[in-house]
Amino acid sequence: MDETNLLMRVDRLTTNFHTYAGVVHAVDDMTLTIPKDSVVGIVGESGSGKSVTMMSVMRLIPSPPGRIEGGHVWFDGAALGMPDRMEKDGPNKGMVDLLSLPADAMMKVRGRHIGMIFQDPMVSLNPVLTIGLQMTESMVAHGLATNEEAWKRAVDMLALVGIPNPEERMRDYPHQYSGGMRQRVMIAMALSCSPELVIADEPTTSLDVTVQAQILELMKELKAKLKSSIIIISHDLSIVAGIANKVVVMYAGRILEEADVYDLYEKPGHPYTMGLMKSVPRLDAENRERLVPIEGSPPDLLAPPVGCKFAPRCKYAMNICREQEPPLVTVGEGHRARCFLHHPTAPAVPGFVKVG
Ligand SMILES: Nc1ncnc2c1ncn2[C@@H]1O[C@H](COP(=O)(O)OP(=O)(O)O)[C@@H](O)[C@H]1O
Ligand SMILES: [Mg+2]
């Protein structure tokens, strides 16, 4: 990829939780590239490590029990305005490792350069403060605006995300907003400091279906207007696919597949991805066939299986899959998959190209 187009690269990130029951390997050797002006989707069943990856990026992992045990989070140093912290040479030239920033510098990154939208706005909004106060707080704290300017900008942002009578609604408290409206406020807040990256972690999961669709539509509209890159996380492939250019499929703390959204649908390269697709409802289905969820459940991360973490649920699993973890191999342009079926000596399975 064109290096000047790179906003963030999560490089070999490993995050564990040291619990009484043992070590939970929540994120293992995760590498993820976010180009500027892009929408990257991360999809996977509950517990696959999506949130822990992003909380690691934000350095918000509760510690103890959590610990980032390895890796780097490279972020565009010019965007951060931290020239003296940039790598001078090498493959990460011009990038700053967020994981090695002092705590005070990291505080300046959160909200200002990376905004976050969470699943449940009621948890992230303070119930005893007005929306207006909460909207203006971070703009003022980051020194981007005076109180008065921040107020004006907050009103504009509320209007932008479709809150009627924004001037008046600034004086309301979170409980006076509906669930969908609160999520709009969260989006407005995340965007208020014009961050280069917005992380939306299950932004529509707590909403009912029609409101879900409206929020996704809003995010698409905003993406067209604003320059930020977006990472959208969901357990639901259809939500991610509707907005992302690139999709990353996670399972048991690792990437099983990544591809452009079109390639992922046309040529899925991992049995897990194929399974996720079958569990997506199709509006054009002839007789509304029942959804086929993937049988079985994700592995216990305290004692994950040796070999491919998906093998116990995989109908194509071979002996080698239970013995060795397959590497992520390139199966097409920008398309990688972690599956031995791509190996030249593997049995032919329709849809699996052989590489190597
Ligand atoms: N505070 C914690 N203590 C112990 N384990 C945790 C903690 N937070 C997350 N985990 C574990 O890390 C794994 C990944 O969790 P998470 O990233 O939240 O999954 P996802 O967002 O994909 O649903 C899960 O097995 C979860 O139980
Ligand atoms: Mg999560």
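Both ligands and their constituent atoms are indexed starting at 1 by order of listing. These numbers come from the heavy atoms of this one structure, side chains and all, not from hydrogens, waters or symmetry mates. Computed from a predicted model, the values in this text were never measured in an experiment.
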Check this for me - ligand 1, Ser48, N or O atoms closer than 3.5 angstrom, yes or no? yes
Nearest protein heavy atom with distance in Å, relative to atom 25 (O) of ligand 1: Leu301 CD1, 3.2 Å
Side-chain donor-acceptor pair under 3.5 Å between Asn16 and Thr14, yes or no? no
Any N or O of Pro65 closer than 3.5 Å to N or O of ligand 1: no
For atom 17 (O) of ligand 1, what's the nearest protein heavy-atom neighbour? Residue, atom name and distance, please. Val52 N, 2.8 Å
At less than 4.0 angstrom from any non-hydrogen atom of Ser46, what atoms of ligand 1 do you find? 23 (O)
Positive for side chain to side chain donor-acceptor pair (under 3.5 Å) with His72, one of Asn92, Thr31, Asp97: Asp97
Indicate whether the side chain of Asn245 and that of Ser38 have a donor and an acceptor atom separated by less than 3.5 Å. no
Check each of Ser51, Ser56, Gly47 against atom 18 (O) of ligand 1 and report the one with the nearest heavy atom. Ser51
Does ligand 1 have an atom under 4.0 Å from some heavy atom of Gly44? no
Measuring to protein heavy atoms, does anything land under 4.0 Å from atom 27 (O) of ligand 1? no
Can a side-chain donor-acceptor contact be found between His18 and Glu69 if the only test is distance below 3.5 angstrom? yes
Consider every N or O of Lys50 and every N or O of ligand 1, then say whether any pair is closer than 3.5 Å. yes
Which protein heavy atom lies closest to atom 8 (N) of ligand 1, and at what distance to 0.1 Å? Phe17 CZ, 3.5 Å
Please walk me through it: do Asp260 and His335 pass side-chain contact (heavy atoms from CB on, under 4.5 Å)? CA-CA 7 Å; Asp260 286 350; His335 191 169; over 6 Å; no
Does Ser46 put an N, O or S atom under 2.8 Å from the Mg ion (ligand 2)? no
Give a yes or no on whether a salt bridge exists between Asp37 and Lys223, defined as a side-chain N under 4.0 angstrom from a carboxylate O. yes
Quick one: are Gln134 and Pro174 in side-chain contact, heavy atoms under 4.5 Å? yes
Counting N and O atoms only, with roles assigned by atom type, does the side chain of Arg171 sit under 3.5 Å from a partner on the main chain of Thr130, one being a donor and the other an acceptor? no
the protein heavy atom lying closest to atom 12 (O) of ligand 1 turns out to be Ala26 CB, 3.3 Å
4.0 Å protein heavy-atom contact status of atom 2 (C) of ligand 1, strictly under: yes
Nearest non-hydrogen protein atom to atom 11 (C) of ligand 1, with distance, is Val24 CG1, 4.0 Å
Quick one: do Glu325 and Lys309 make a salt bridge, cutoff under 4.0 Å? yes
